[in-house]
Asks: 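My structure is below; once you've seen it, I'll send some questions.
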Amino acid sequence: MQELNYREMGLLDEEYEKIKEIMGREPNYLELSIWAVMWSEHCGYKNSRPLLKTFPTEGPRVIQGPGENAGIVDIGDGQALVFKIESHNHPSAIEPYQGAATGVGGIVRDIFTMGARPIASLNSLRFGNIEDARVRELFAGVVAGIGDYGNCLGIPTVGGEVYFNPSYQGNPLVNAMCVGLVNSDEIALAVASDVGSPLMLVGAKTGRDGIHGATFASEELSEKSQQKRPSVQVGDPFMEKLLIEACLQLIKEDLVAGMQDLGAAGLTSSISESASKKGRGVEIDVLKVPRREKGMTPYEIMISESQERMLIVPRAGKEKRIKEIFDTWGLDAVVIGQVTDDGMFRVFEGKKMVGEVPNAELTAGCPVYVRAGQEPSYYQECKRFDIDALPEIKIGEALQKLLGSPNIASKRWVYSQYDYQVMTNTSIIPGNGDAAVLRIKGTDKGVAMTTDCNSRFVYLDPYQGGMLAVCESARNLACVGARPLALTNCLNFGNPEKTHIYWQMQESIKGMAAAAKNLNTPVVSGNVSLYNETAAGAIYPTPVVGMVGLLPDIKHRVDMSFKDEGDIVVLLGRLRDELGGSEYLAVCHGVESGAVPVVDLDEEKKLIELSLELIGKDMLKSCHDISEGGLAVALAESAIKGNIGFKVNIEGQKGRADKTLFSEAPGRVAVSLERDKLPELTAMANNKEIEVHVIGQVEGSNICINKGNQHINMAVCDAAKIWGEAIECHMK
């Protein structure tokens, strides 16, 4: 029976043997459960930890890097941003509404447990083919869960991304990001260091929801996954709102020495991780844990992932005041144990000890697997794909198809369900710019944030795709006028035990690390989500990047919309013609192949600096990076958002028109400005060694593009209708 249990809990034979060796005996059921959740991929990062060490994690603005609930960067004036992104993929595949809602709740707790007030949420979502009824059901449930939970909390959901691809058909991705603002002298950490310190459980009562959620998230999805609905937590945003206010009050009054969210693995992981940082042990009495269900066993209490709970280590003698504050907010605050000096994790049921495990072995002792990645056969085959063998589609027809692609079309159906202006700080709202921008009240500053990843690029070339994800995030921030500061990531992959999946992980992390180092955007937090597979196969590798940036003066922010007749339209960067991995190939030719456009990191860095200097001098009226759909789509989106046309003529570029107009090659932005500012822009660009192509001007009410003997002439209102209704028509 014990053999069956450990395998069902996700432990390997050799891991179970190691546990017996450490303990000198067979673990009981509770102890086995504690080992299983702490040594799961979700908690232990046993397949990814060596790879994560290659990320740059330090920089002049970094206050806190990986290892805490969230990362922290300095934004001046005694203030800092706290931010992180995490996954809730498997729960959302089973129960989309609650899975997504509790994903938001969990990431919000990671932020305010650091002492920060959450000021914004973002998300990155992936689904299968939108034509499929089940996919639409998942999509609708996830968006509703995110919207309802965030709206109830009063935290604006200001940005994100949504992609559809058959690889996510049975395994959607739901990645939630939160950003908070904290005074630098009020930062709280998750440390339980002083021997004898009490451990307090605060917030909601503990139930049976979410039991073994960590191990559920560390296995492939299958038909049996539907039977694991009890592993999906149930959220209460109103309870979380009370918890936010109570916890922030504790920090204001300097009542806590440490604070930790109860997320994956519940009490077990929060207590173990907090104590292990200083080599401490703990003693817990489960009879003192407030419960909402009768007859709960120590196993259920210790493994439950019930939401809206926090672990607090009070400062000496502050327990009474903490309880008073939580009583005021109608929440529980109970001492359930204490910190010890012997390094053991002991669980009591009253006076009876029901479990005893060496604490350091749960965390630092987790097995680490350095696997051998192997390049898959498809990689070279895709690189050799001959795009020139494909017929050239009329560019006007192609643009219409691209504007109607769910991956490019307006995401209004999504963000209209979110309250993105609550708190009245949102200065660039969803859909209007390449990144969200929020003001920092009481200052001239603004902060920008974005989530990005082109997973098709990563699948076709993990190294280049990893670099591209970081570069696009940084470029998006620069396009609104924000200097990129640092990033968080959510690394979504299939089963790492398969050599080609591990290779995808290795290569994409190498690419991300190279770009982060070059662009001075260290990795300060993140999450790994593996085993994103079904019987049909693995998802596309999806290392999502969440990045934050700083605007010294928010008045200089820029959005993507064209503004005035007569403004000139300029391409900053090279005219490029690489079509590999483009949405054009997928939508117009049904092909997901080709060599991915090559990243020039020095070029990216120079373009970012140029964009920031131009925006800082108020020289640009619009700025939009070239990504999905290429140059033609970027220009069309600027026209649609500005409700004004343009006339563009592409000269000096030989070859097929579709290659020039729909290439998604990086290192380029499309801008508009007054004509008399062109000489200064050109001089500044030349100084940065960035090419300047004056390609047209803003005028009329049509989208007019000429390239050789091919032409596009489409009314802006018609383009706006196609672009604006593509997703909505599927969701009616």
Side-chain angles (χ1 to χ4, degrees), residues 75 79 81-83 85 100-101 103-105 107-108 111-112 116-125 142-162 176-182 237-238 240-241 244-245 248 409-452 476-477 479-482 546-551 553-561 563 622-624 637 640-643 720 723-724 727-728 731:
I75 60 170
Q79 294 178 310
L81 289 183
V82 180
F83 64 103
I85 189 168
V104 173
I107 195 64
V108 168
I111 301 309
F112 72 76
R117 178 169 293 280
I119 60 171
S121 291
L122 301 90
N123 51 70
S124 176
L125 312 176
V142 164
V143 171
I146 291 171
D148 288 355
Y149 203 99
N151 294 350
C152 289
L153 285 181
I155 299 170
T157 303
V158 298
E161 55 176 3
V162 183
M177 178 176 171
C178 188
V179 181
L181 183 66
V182 66
F238 299 104
E240 179 122 336
K241 177 62 176 173
I244 291 173
E245 300 305 328
L248 292 180
S410 169
K411 306 305 185 292
R412 181 179 58 197
W413 183 86
V414 176
Y415 64 73
S416 64
Q417 298 183 54
Y418 304 153
D419 188 343
Y420 47 80
Q421 290 181 315
V422 65
M423 293 186 176
T424 66
N425 293 323
T426 312
S427 297
I428 293 184
I429 64 173
N432 281 13
D434 287 343
V437 175
L438 280 73
R439 64 177 175 141
I440 302 296
K441 287 176 180 170
T443 76
D444 294 328
K445 296 180 304 208
V447 292
M449 52 205 72
T450 185
T451 58
D452 290 288
N476 281 342
L477 295 176
C479 281
V480 298
M547 193 177 287
V548 299
L550 178 66
L551 294 86
D553 190 337
I554 197 171
K555 293 195 297 293
H556 295 301
R557 67 189 181 277
V558 172
D559 61 25
M560 68 168 67
S561 62
K563 302 297 189 299
S622 71
C623 189
H624 191 14
E637 288 175 337
I640 290 168
K641 298 308 297 185
N643 194 28
W723 181 79
I727 290 180
E728 292 179 358
M731 301 307 294

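Just so it is clear, the model here is predicted, and its values are computed rather than measured.
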Asks: Would you indicate whether the side-chain heavy atoms of Met449 and Met547 approach each other to under 4.5 Å?
Replies: no
Asks: Without swapping roles, check the side chain of Thr426 against the backbone of Tyr420 for a donor-acceptor pair under 3.5 Å.
Replies: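 Between the backbone of Tyr420 and the side chain of Thr426 there is a qualifying donor-acceptor contact (under 3.5 Å).
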Asks: So Ile429 and Tyr415, do their side chains get closer than 4.5 Å, heavy atoms only?
Replies: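 Not in contact.
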Asks: Can you tell me how far apart CD1 (Ile119) and CD1 (Ile155) are? Round to the nearest 0.5 Å.
Replies: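 Between Ile119 CD1 and Ile155 CD1, I get 10.0 Å after rounding to 0.5 Å.
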Asks: Measure across Cys623 and Asp434 and return the closest heavy-atom pair with its distance rounded to 0.1 Å.
Replies: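 Of all heavy-atom pairs spanning Cys623 and Asp434, the closest is O-OD2, 4.0 Å.
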Asks: Any side-chain to backbone donor/acceptor pair from Asn432 onto Ile428? Under 3.5 Å, distance only.
Replies: no
Asks: Just by distance, no angles: are the side chains of Glu161 and Ser124 close enough, under 3.5 Å, to form a donor-acceptor pair?
Replies: yes
Asks: Check Ala116 against Leu248 and note the closest heavy-atom contact, atom names and distance.
Replies: O-CD2, 3.7 Å
Asks: Evaluate side chain to side chain contact (heavy atoms under 4.5 Å, CB included) for Ile554 paired with Lys445, printing each intermediate quantity in order.
Replies: CA-CA 5 Å; Ile554 197 171; Lys445 296 180 304 208; over 6 Å; no
Asks: Output the distance between atom NZ (Lys641) and atom OG (Ser622), rounded to the nearest 0.5 Å.
Replies: 13.5 Å
Asks: Checking Lys441 side chain against Arg439 main chain: does a donor-acceptor pair fall under 3.5 Å?
Replies: no
Asks: How would you list, by chain and number, every residue that makes a side-chain contact (heavy atoms from CB on, under 4.5 Å) with Asp148, sequence neighbours excluded?
Replies: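 Applying side-chain contact (heavy atoms from CB on, under 4.5 Å) to Asp148 gives Tyr97.
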Asks: Mind running side chain to side chain contact (heavy atoms under 4.5 Å, CB included) on Arg557 and Val480 for me, showing each step along the way?
Replies: CA-CA 5 Å; Arg557 67 189 181 277; Val480 298; 5.5 Å; no
Asks: Are the side chains of Leu122 and Thr157 in contact, using a 4.5 Å heavy-atom criterion?
Replies: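 Result no, sub-4.5 Å side-chain heavy-atom pair not found.
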Asks: Under the rule for side-chain contact (heavy atoms from CB on, under 4.5 Å), what residues qualify as partners of Val142, not counting sequence neighbours?
Replies: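 Val142 satisfies side-chain contact (heavy atoms from CB on, under 4.5 Å) with Ser92, Pro96, Ala100, Leu125, Phe127, Ile146, Val174 only.
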Asks: Using only atom types and a distance under 3.5 Å, with no angle test, would you say the side chain of Asp553 pairs donor to acceptor with the backbone of His556?
Replies: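 Pair absent, no side-chain N/O of Asp553 close to backbone of His556.
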Asks: Applying side chain to side chain contact (heavy atoms under 4.5 Å, CB included), run through Phe83 and Cys178 and close with a yes or a no.
Replies: CA-CA 6 Å; Phe83 64 103; Cys178 188; over 6 Å; no
Asks: Just by distance, do the side chain of Arg412 and the backbone of Gly724 share a donor-acceptor pair under 3.5 Å?
Replies: yes
Asks: Asn123 versus Tyr418: any side-chain heavy-atom pair under 4.5 Å?
Replies: yes
Asks: Please report the shortest heavy-atom distance between Pro430 and Val158, naming the atom on each side.
Replies: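 In this case the closest contact between Pro430 and Val158 is CG-O, 3.3 Å.
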Asks: Do you know the tightest heavy-atom contact between Ile640 and Ala720?
Replies: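 The answer is CG2-CB, 3.8 Å.
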Asks: Which pair of heavy atoms, one from Pro156 and one from Gln421, lies closest together, and at what distance?
Replies: CB-N, 4.4 Å
Asks: Does a side chain donor of either Ser561 or Lys563 reach within less than 3.5 Å of an acceptor in the other side chain?
Replies: yes
Asks: Could you work out, with side chain to side chain donor-acceptor pair (under 3.5 Å) as the rule, every residue matching Glu245, not counting sequence neighbours?
Replies: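 Counting only residues at least two positions away or on another chain, Glu245 forms a side chain to side chain donor-acceptor pair (under 3.5 Å) with Arg117, Lys241.
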Asks: For the atom pair CE (Met731) and CH2 (Trp413), what is the distance rounded to the nearest 0.5 Å?
Replies: 3.5 Å
Asks: Would you check if Val447 and Leu550 make a side-chain contact, meaning some heavy-atom pair closer than 4.5 Å?
Replies: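 Sidechains of Leu550 and Val447: in contact.
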Asks: Just wondering, more than 12 heavy atoms not from Asn643 lying within 6.0 Å of its CG?
Replies: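 No, because the 6.0 Å sphere around CG of Asn643 holds 12 heavy atoms or fewer from other groups.
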Asks: Whether the side chain of Ser427 engages the backbone of Leu438 through a donor-acceptor N/O pair (distance < 3.5 Å, no angle test) should be reported.
Replies: no
Asks: Quick one: CD on Gln79 to CG on Leu81, what's the gap to the nearest 0.5 Å?
Replies: 8.5 Å
Asks: Taking all non-hydrogen atoms of both residues into account, name the closest pair between Ile440 and Thr443 and its distance.
Replies: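 Heavy-atom minimum between the residues: O-OG1, 2.8 Å.
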Asks: Apply side chain to side chain contact (heavy atoms under 4.5 Å, CB included) to residues Val179 and Val548 and explain how you reach the verdict.
Replies: CA-CA 9 Å; Val179 181; Val548 299; 4.3 Å; yes
Asks: Could you measure the distance from the CE atom of Met560 to the CG atom of Asn476? Nearest 0.5 Å is fine.
Replies: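 CG of Asn476 is found 8.5 Å from CE of Met560.
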